[in-house]
Chemist: 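Dropping the structure in here first, questions after.
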Amino acid sequence: MSTEKIQEVIERERNISNTIDPLSIPDGDPQLQLKCNLYIHQLIKEWETTSDPPYLPERLPEVKRNLLPLLVQLRKSTLPTNLLTTLASILYHLQQSEYDNANQRYMDLSIGNASWPIGVASVGIHSSSNTSTALGAARANVMKDKTTKDWILQIKRLITFSAAFDNAESSSEDDQS
């Protein structure tokens, strides 16, 4: 893609709101993936520009690198619906400064509704085929592959950054009053 086309896309997207409407999440708003992409970019930009003191600048390159596959999927609108719904919910709660709800949705994103066979079934070479079928049917998102695991972890870092950034802003406003 040429530099001119990239600039054209950037200009066009400046006019798009990145505010996520909770009613559009389950319905699959056609622009939902783009809004998620734009909001993640906004969070990264806020992280880059934090100062006094800067927020974990040594983590930022890793966050950017590991979020890239997610951002590409969002840009191409290829993120699976189940992941998009939960991710959009997380980002909505971040926009509303509802960090407990964002963390709860993060747990849904990472662990999901997968059953964790701790002490429930014997897992080994002699386990029954029914057990392996039940355990493999609903895998946690974090266990899908390394790339997915990496970007899910970075979403948690964005949640933590948002909470810390919001707390720092509110404490500086309290100091000024």
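Below, each value reflects all heavy atoms present in this structure, side chains not excepted, and no hydrogens, waters or symmetry copies.
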Chemist: Atom CD1 of Ile44 and atom CD1 of Ile40: how far apart are they, to the nearest 0.5 Å?
Modeler: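 Rounded to the nearest 0.5 Å, the CD1-CD1 separation comes to 7.0 Å.
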
Chemist: Under 4.5 Å between side-chain heavy atoms, hopping through other hydrophobics if needed: is there a path connecting Ile111 to Leu87?
Modeler: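 Yes; tracing contacts between hydrophobic side chains, which count when under 4.5 Å, links both residues.
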
Chemist: With a 4.0 Å cut-off, would you call Glu98 and Arg105 a salt bridge?
Modeler: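 So Glu98 does not pair with Arg105 through a salt bridge.
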
Chemist: Please give me the minimum heavy-atom distance between Asp145 and Thr148, naming the atom from each residue.
Modeler: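 Heavy atoms of Asp145 and Thr148 come nearest at OD1-N, 2.6 Å.
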
Chemist: Quick check: closest heavy atoms across Gln73 and Gln33, and the distance to 0.1 Å?
Modeler: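 The pair with the smallest heavy-atom distance is O-OE1, 3.4 Å.
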
Chemist: Below 4.5 Å, heavy atoms only, C-beta onward: do Lys35 and Thr19 meet side chain to side chain?
Modeler: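 They are not in contact (no side-chain heavy atoms under 4.5 Å apart), so the answer is no.
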
Chemist: Identify whether Ile16 and Leu91 are in the same connected component of the hydrophobic contact network (ILVMFWY, side-chain heavy atoms under 4.5 Å).
Modeler: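 The answer is no; the residues belong to distinct hydrophobic clusters.
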
Chemist: Do the non-hydrogen side-chain atoms of Leu74 and Leu84 ever get within less than 4.5 Å of each other?
Modeler: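 In short, these two side chains touch, coming nearer than 4.5 Å.
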
Chemist: Could you walk me through whether Leu60 and Tyr55 pass the side-chain contact (heavy atoms from CB on, under 4.5 Å) test, one step at a time?
Modeler: CA-CA 9 Å; Leu60 188 56; Tyr55 182 79; over 6 Å; no

Chemist: Applying the side chain to side chain contact (heavy atoms under 4.5 Å, CB included) criterion to Leu79, which one of Leu71, Leu32, Leu70, Asn37 satisfies it?
Modeler: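 It is Leu70; the other options fail the test.
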
Chemist: Kindly compute the distance separating OG1 (Thr86) from CD1 (Ile25), expressed to the nearest 0.5 Å.
Modeler: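 With rounding to 0.5 Å, OG1 (Thr86) is 9.5 Å from CD1 (Ile25).
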
Chemist: Hey, what do you get for CG (Leu109) to CG (Asn82), rounding to the nearest 0.5 Å?
Modeler: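 Leu109 atom CG to Asn82 atom CG measures 9.0 Å (nearest 0.5 Å).
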
Chemist: First locate atom CZ of Arg65, then atom CG of Leu67, and finally report the distance between them rounded to the nearest 0.5 Å.
Modeler: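 Going from the CZ atom of Arg65 to the CG atom of Leu67 covers 11.0 Å.
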
Chemist: Rounded to the nearest 0.5 Å, what's the gap from CD1 on Ile20 to CG on Leu94? Could you check?
Modeler: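 Here the rounded value is 8.5 Å.
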
Chemist: Give, for atom SG of Cys36 and atom OH of Tyr92, the distance between the pair rounded to the nearest 0.5 Å.
Modeler: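 Here the rounded value is 13.5 Å.
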
Chemist: For residues 150-165, please give each side-chain donor-acceptor pair under 3.5 Å, one per line with the distance, not counting sequence neighbours.
Modeler:
residue: Asp150; atom: OD2; partner: Lys146; partner atom: NZ; Å: 2.9
residue: Gln154; atom: OE1; partner: Arg157; partner atom: NH1; Å: 3.2
residue: Gln154; atom: NE2; partner: Asp150; partner atom: O; Å: 3.4
residue: Lys156; atom: NZ; partner: Asn103; partner atom: OD1; Å: 2.5
residue: Arg157; atom: NH1; partner: Glu62; partner atom: OE1; Å: 3.3
residue: Arg157; atom: NH1; partner: Glu62; partner atom: OE2; Å: 3.3
residue: Thr160; atom: OG1; partner: Lys156; partner atom: O; Å: 3.0
residue: Ser162; atom: OG; partner: Leu158; partner atom: O; Å: 3.2

Chemist: Run the side-chain hydrogen bond (donor to acceptor under 3.5 Å, both in side chains) test against Gln42 and tell me which residues pass, sequence neighbours left out.
Modeler: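 Partners of Gln42 by the side-chain hydrogen bond (donor to acceptor under 3.5 Å, both in side chains) criterion, ordered by chain and then number, come out as Asn18, Glu46.
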
